[in-house]
Amino acid sequence: MDIREPIILVTGGSGGIGREIVRSLVLSGFSVWNLDQVRPESPVLQETFREIDLAEPPFVLERSLTKILSEISEQGEIYGLVHSAGFGGPYHSITDVSFEEWQNIFRVNLDSLFLITKQILPKFKTNVFGRIIAIASSLSIVGSKNSVAYAASKHGMVGFIKSIADEWGEFGVTANCISPGYVNTSMGVQEDQVTGHKNLIIQKTPVRRIAEPSEIARVVNFLIQKESGYITGSNWTVDGGITAI
């Protein structure tokens, strides 16, 4: 169906993968609301920024989201959600992970996805249309020492998305994950935490390089389109083959 002023919510749209996702969606003709803690250095046309901390306690975050969604309803209709925000925490053993750190990782990566999705699904049902895309990780497929909390949250994300796909598919809603491997961002390379990590990963990756953020954004742009309506409940790996070997 035609949606009045289609708007896409992008969490974490100010840096790394999220920035390329915002640019790509705007170039495709969408209006984008960027929900992030940091204002983008170079905003693009058709981008609206709203500051938000996805690690806030749930009752605080819910209030913030309700306010933002009310603003959006005055401008147009929510066409889709791209949950790109992510937090990995320090690179260390599970025995060194505090419960506070564990909670923060899950709040940003998974709890906020739950809270946003819960609020927008009734709007999707009314429109008989909606797109949900969650940026997971290659660690949603495999485990990794020293990244236990992060990997656990990303595995949970995939289960959440698959379940939403099953529960809401009859209302025109699709839900998919994209699982990048190592991407050329400050969070993706982890060179600041593990010396020589980038070269080690390149040698383990069949295509012998790491990804550029634009390569992830192109998959988002494909899945967000109306024409991709028969794709749901999937987890698209964009990892240079690292989880296939």
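As the structure is a prediction and not an experimental result, all values here were calculated from the model.
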Heavy atoms of other groups near Leu45 CG, more than 12 under 6.0 Å: no
Asn221 and Gln225: side chain donor to acceptor below 3.5 Å: yes
Interatomic spacing from OG1 in Thr48 to CG in Leu35 - rounded to 0.5 Å: 10.0 Å
ILVMFWY cluster, Val158 and Trp168 together (side-chain gap under 4.5 Å): no
Shared hydrophobic cluster, Leu25 / Val238 (ILVMFWY, side-chain heavy atoms < 4.5 Å): yes
Distance-only polar pair, side chains of Ser179 and Ser140, donor-acceptor under 3.5 Å: yes
Between CZ on residue Arg50 and CD1 on residue Ile68, distance to nearest 0.5 Å: 7.5 Å
Flag side-chain contact, heavy atom, 4.5 Å: Thr185 against Glu20: no
Leu110 reachable from Phe99 in the ILVMFWY side-chain graph, under 4.5 Å edges: yes
Cluster overlap Tyr79 with Ile231, hydrophobic side-chain contacts below 4.5 Å: yes
Inter-residue atom distance Asn104.CG - Asp53.CG, 0.5 Å rounding: 8.5 Å
Any donor-acceptor N/O pair, Lys145 side chain to Ile94 backbone, under 3.5 Å: no
Test side chain to side chain contact (heavy atoms under 4.5 Å, CB included) applied to Trp33 and Gln75, step by step: CA-CA 11 Å; Trp33 281 52; Gln75 179 180 325; 3.4 Å; yes
Whether Phe114 and Phe160 hold their rings parallel, tilted or perpendicular, with breakpoints at 30° and 60°: perpendicular
Residue pair Arg19, Glu47: steps toward the salt bridge (Lys or Arg N to Asp or Glu O under 4.0 Å) verdict: CA-CA 11 Å; Arg19 186 88 299 249; Glu47 175 184 8; 2.4 Å; yes
Joint cluster assignment, Phe222 & Ile178, ILVMFWY side-chain distance < 4.5 Å: yes
For Val44 against Arg23, the heavy-atom pair lying closest together: CG1-CG, 4.2 Å
